[in-house]
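Before any comments, here is the structure.
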Amino acid sequence: MTELTPGGWNNKEGGYALPATDPLGILSSTRTVVEQTEYVWINHDQIEQLSKRWQQEDAQGAQLATLLWDERYHFSDGTARTVNWLLLLDALNFCFWAEKDQPRWTITYRDQTLNGYWAEAAALKRGVEEGLPLWDAEYLATLSEETLAHIFRGTATIPLFEQRVQNAREVGRVLLERYDGQFTNAIEQAEHSAIKLVLLLERDFPSFRDVASYHGHQVRFLKRAQITVADISGSFHGQGWGNLAEQDQLTIFADYKLPQVLRDYNVLEYQAQLARKIDNQELILPGSEEEVAIRACTIWACEFLRQALQRQGQLVTAADIDMRLWLLGQRSEALLPYHRTRTIYY
Ligand SMILES: Nc1nc2c(c(CN[C@H]3C=C[C@H](O)[C@@H]3O)cn2[C@@H]2O[C@H](COP(=O)(O)O)[C@@H](O)[C@H]2O)c(=O)[nH]1
């Protein structure tokens, strides 16, 4: 019988107590990685400290960053067109960083120079404003390389360009084959359940199948499938097509920014050799144990943070925690580098 640690993290079988439900199989499939890996570990004392810090900040009015949907860089017309546009946005929402010592890809939009996710979103919004029907499944299914290169025009080149062309065409093709060209039909088929919609994306759109393996068993992350659902809800302010149930059962979205922020808070600690590789901006191979360990520990660190906040009476979802951590990652260049894995999954 393992003594219960303060946070009740070790239940009687040892290992981490799963929440009551885990419909996406993400917490259960990542638990073994967290318990076994030597590459990354979670500092529970630092989680307690972070939850208390956030509680103090919130007591002083700094609300948990429920970022209002940012209309500046997102196309939003309140119709089914926006839903298809969001699916395209998140089919291409990955890997914006440049090779070591190379300049990042940037675009200029309305006299602003943007990079990373904001550049991707603004570029797709600019495309619509320039008359391209980026919500139209037929158009996407046969999208040319020249057209996508024009959409993402800027300084340097957006990484993994070929894969982005394939992903955009896949969105169009699958929408035509299975949803009469409209992702709103998928929302209705999923009966407005966030969980069913994530699983539908995993089943029908191969580029969203963000699943790895660890010592022979499947480890599930589903980052872009989950963020697509969160973005549809955000864009529609939880109404209409954005009225999606069970969002409290989503996990955080395991990208490259959250581990960077959690490491800065000393919540995540890296084995010395891995830390050196990351600090030297060396590539971490996709599907490697290091990559899977970083992502799995990010998910569980945020689950423990959610439990710690809950113990303090702050009922927040993983998606709330995700947004707050991601925004922290956008505001500070002073962080140690994030891990660099060339992947289409995040
Ligand atoms: N975990 C998590 N990862 C997120 C997001 C977002 C933006 N979404 C929100 C923004 C407005 C709306 O409210 C959306 O909800 C992008 N990313 C990821 O970050 C990386 C890009 O980083 P940088 O290179 O610095 O731009 C890349 O992996 C991208 O996939 C999020 O929210 N959570």
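Numbering of ligands and ligand atoms starts at 1, following listing order.
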Are side-chain heavy atoms of [X] and [Y] found at a separation under 4.5 Å?
X: W41; Y: E269; answer: yes
X: N243; Y: F236; answer: no
X: F205; Y: L175; answer: yes
X: Y270; Y: I294; answer: yes

Which atoms from ligand 1 have a heavy atom of [X] less than 4.0 Å away?
X: L258; answer: 1 (N)
X: G116; answer: 24 (O), 26 (O)
X: Y346; answer: 28 (O)
X: K257; answer: 19 (O), 20 (C), 22 (O), 25 (O)
X: R104; answer: 23 (P), 24 (O)

SB check R224 D90 (cutoff 4.0 Å): no
Strictly below 4.0 Å, N to O, side chains only: are E290 and K277 in salt-bridge contact? yes
In this structure, does ligand 1 have an atom that sits under 4.0 Å from one of the heavy atoms of F96? yes
Identity of the nearest option to [atom], non-hydrogen atoms only, from [options]:
atom: atom 1 (N) of ligand 1; options: D322, T341, T298; result: D322
atom: atom 12 (C) of ligand 1; options: Y73, Y345, W69; result: W69
atom: atom 30 (O) of ligand 1; options: E120, H74, K223, M323; result: K223

Proximity of [X] to ligand 1 by residue part, where a heavy atom lies under 4.0 Å:
X: W118; answer: side chain
X: D70; answer: neither
X: N93; answer: both
X: Q330; answer: side chain
X: Y117; answer: both
X: I227; answer: side chain
X: L325; answer: neither
X: Q260; answer: neither
X: W326; answer: side chain

Distance under 6.0 Å and angle within 45° of ring axis: R340 vs W97: yes
Cationic tip of R295 above F221 ring, under 6.0 Å, 45° of axis: yes
Go through it in stages, so that I can follow the logic: the residues are W85 and H74, the test is side chain to side chain contact (heavy atoms under 4.5 Å, CB included), and I'd like the CA-CA distance, side-chain angles, deciding distance and then a yes or no. CA-CA 9 Å; W85 185 88; H74 290 114; 4.1 Å; yes
Polar atom proximity, Y256 to ligand 1 (N or O, under 3.5 Å): yes
Look only at interatomic distance and state if D231 has a nitrogen or oxygen under 3.5 Å from any nitrogen or oxygen of ligand 1. yes
Take Q310 and R306 through the side-chain hydrogen bond (donor to acceptor under 3.5 Å, both in side chains) test and state the conclusion after the steps. CA-CA 6 Å; Q310 186 173 2; R306 186 190 66 75; 3.2 Å; yes
Going hydrophobic residue to hydrophobic residue with side-chain gaps under 4.5 angstrom, can you get from Y117 over to V171? yes
With respect to W241, which candidate in I187, T79, T82, L86 satisfies the side-chain contact (heavy atoms from CB on, under 4.5 Å) definition? I187
